[in-house]
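The next block holds one structure in the form of structure tokens; read it before the comments.
Below, chains carry the letters A, B, ... as their sequence lines are ordered, and counting in each starts from 1.
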Amino acid sequence: MPELPEVEVTRLSFAHRIEGAVIAHAQMGKPLRWPLGCQSDVLHGQTVNAVRRRGKYLLIDLSAGLLLVHLGMSGSISFAKDLPSPGKHDHFDLLTSRGTLRLNDPRRFGAVVFALSEQDMPAQKLLGHLGIEPLGNDFELAEFCTRLKLKKAAIKQVLLAGEVVVGVGNIYASEALFLAGIRPTTAASSLSRPRMARLHCAIRQVLTQAVAKGGSTLKDFSNADGQAGYFQLEAMVYGRAGLPCKVCASPIKNIRQGQRSTFYCQKCQKC
DNA sequence: CACGGATCCTGATGGC
DNA sequence: TGCCATCAGGATCCGT
């Protein structure tokens, strides 16, 4: 999936164009991860007020409720006036006065869910446990450290879980840990304060850069205009198993943590 | 109750 | 060419 940067780039690419649009209706394809949770006539006539992001969720504010959109592992969104009729992997179309918002998601781990408000179910169920926004003002070092101290699992898995900080996925977790010089297997709670501070900084840095570059780390990512991601921001460690570290030339290691691959440099990331 | 593992689904890739 | 195994950006649920 798109990690936070790709979701944010997607949001930026269509938010301003869809705001103010009036919804005609929604068309569903194959079932996604969760059901929409409302009848199509609930959406009819509603106005799109804004498009926000929380973690990897897009929140589409409507005049009476909101849509929570998640891209899962393989989802992407397009928004255009004239889209061709839905293809094999187009599973949600929102037809509006300004154009059609379409979710294409081959693996269908993504979802579109309606809720009456952010405090209501099912929004609360999806958003309630989420950690701090890494690019917002609330991402303070003290709070980050306090939360890490409570987690005894490996730091890589703590980052992925999203209960401390949201938006860091499998690629950027490896990248941030490399930048911070931290071994992915180290227990989160055992990190010293200075190392937590380096990680705090690294997370912000890696995500900010990725957003600025257009979410370029993803192979097949494209924003809502259909512009492809272009691998501008090259990974330091992700996907580079066996290749020389760009800093010290020692071969990059690839291990598995919780069924996900992790990449690190054993020399640059000693503990 | 915090953690590890299985799980949802489709497509791409590589070995034989 | 086909067949099979493995892997892929996520996050929930279930058992220990």
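Rounded to an integer number of Å, the gap from CE of A/M73 to C1' of B/dC8 is 11 Å. Across the protein-nucleic acid pair, A/N104 atom CG and B/dC9 atom P stand 18 Å apart, rounded to whole Å. Atom CD in A/Q157 sits roughly 13 Å away from atom P in B/dA6 (whole-Å rounding). As a whole-Å value, the separation of A/R260 CZ from B/dT7 P is 17 Å. For the pair A/E6 CD and C/dA8 P, the computed distance is 16 Å after rounding to whole Å. When the C1' atom of B/dG5 is taken as reference, atom CG of A/L160 falls 15 Å away, rounded to whole Å. If you measure from atom CG of A/L32 to atom C1' of B/dT7, you get 17 Å, rounded to the nearest angstrom. As rounded to whole Å, 17 Å separates atom P of C/dA8 from atom OH of A/Y172.
Checking the phosphate oxygens (OP1, OP2) of B/dA2, no side-chain nitrogen or oxygen of A/K151 falls inside 4.0 Å. Considering only side-chain N and O atoms, A/S261 lies under 4.0 angstrom from the phosphate OP1 or OP2 of C/dA8. Contact check, A/K88 against B/dT10: no side-chain N or O comes under 4.0 Å of OP1 or OP2. Phosphate contact (OP1/OP2 of B/dC8, side-chain N/O of A/R108, threshold under 4.0 Å): absent. Remark: A/H89 is not in phosphate contact with B/dC9, judged by side-chain N or O atoms under 4.0 Å from OP1 or OP2. When the side-chain nitrogen and oxygen atoms of A/K56 are compared with OP1 and OP2 of C/dA11, one or more of them lie within a distance under 4.0 Å.
Salt bridge annotation for A/R53-A/E133: present, with a cationic side-chain nitrogen under 4.0 angstrom from a carboxylate oxygen. Using a 4.0 Å cut-off between charged side-chain N and carboxylate O, A/K151 and A/E163 make a salt bridge. Using a 4.0 Å cut-off between charged side-chain N and carboxylate O, A/K56 and A/E3 make no salt bridge.
Considering only the side chain of A/H70, C/dG10 comes nearest among B/dC9, B/dT7, C/dG10. Here the side chain of A/Q259 is nearest to one of B/dC3, B/dT10, B/dT7, namely B/dT7. Ranking B/dC9, C/dG10, B/dG4 by closeness to the A/R107 side chain, first place goes to B/dC9. With B/dC9, C/dC7, C/dG10 as the choices, the nucleotide that has an atom nearest any side-chain atom of A/E3 turns out to be C/dG10.
Note that the CG atom of A/L83 and the CZ atom of A/R102 stand 4.5 Å from one another [nearest 0.5 Å]. Taking CD1 of A/I23 as the reference point, atom CG of A/L95 lies at 10.0 Å (rounded to 0.5 Å).
Side-chain N or O atoms of A/E175 include one that pairs as donor or acceptor with a backbone N or O of A/V237 at under 3.5 Å. Remark: side-chain polar atoms of A/R11 are not paired, donor with acceptor, to backbone N or O of A/R52 under 3.5 angstrom. Checked by atom type and distance alone, the side chain of A/R17 pairs as donor or acceptor with a backbone atom of A/F79 at under 3.5 Å. A donor-acceptor pair under 3.5 Å is formed between the side chain of A/Q46 and the backbone N or O of A/A64.
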Between the protein and nucleotides 12-16 of chain C, list every N/O to N/O distance that falls short of 3.5 Å.
unit_1, atom_1, unit_2, atom_2, d
C/dT12, O4', A/R33, NH2, 2.7
C/dC13, OP1, A/K125, NZ, 3.2

Which protein N or O atoms sit under 3.5 Å from an N or O of nucleotides 3-6 of chain C?
none

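The neighbour count for A/D138 CG, taken as heavy atoms of other residues, nucleotides or ligands under 6.0 Å away, does not exceed 12. No more than 12 heavy atoms of other residues, nucleotides or ligands lie within 6.0 Å of NZ in A/K267, so this atom counts as exposed by the packing criterion.
A ring-centre distance under 6.0 Å is found for A/F139 and A/F144.
Side-chain contact between A/L199 and A/I155 is present, with at least one heavy-atom pair separated by less than 4.5 Å.
C/dA11 and B/dC1 have their P atoms separated by 23 Å, with the value rounded to a whole Å. Across C/dC14 and B/dC9, the matching P atoms stand 16 Å from one another, rounded to whole Å.
A distance cut-off of 5.5 Å between ring centres, combined with a plane angle under 30°, leaves A/F109 outside any stacking arrangement with the base of C/dA11.
For the strand DNA chain C, secondary-structure stems (runs of at least three Watson-Crick or G-U pairs, all distances below 3.5 Å) span B:2-8 with C:10-16, B:10-16 with C:2-8.
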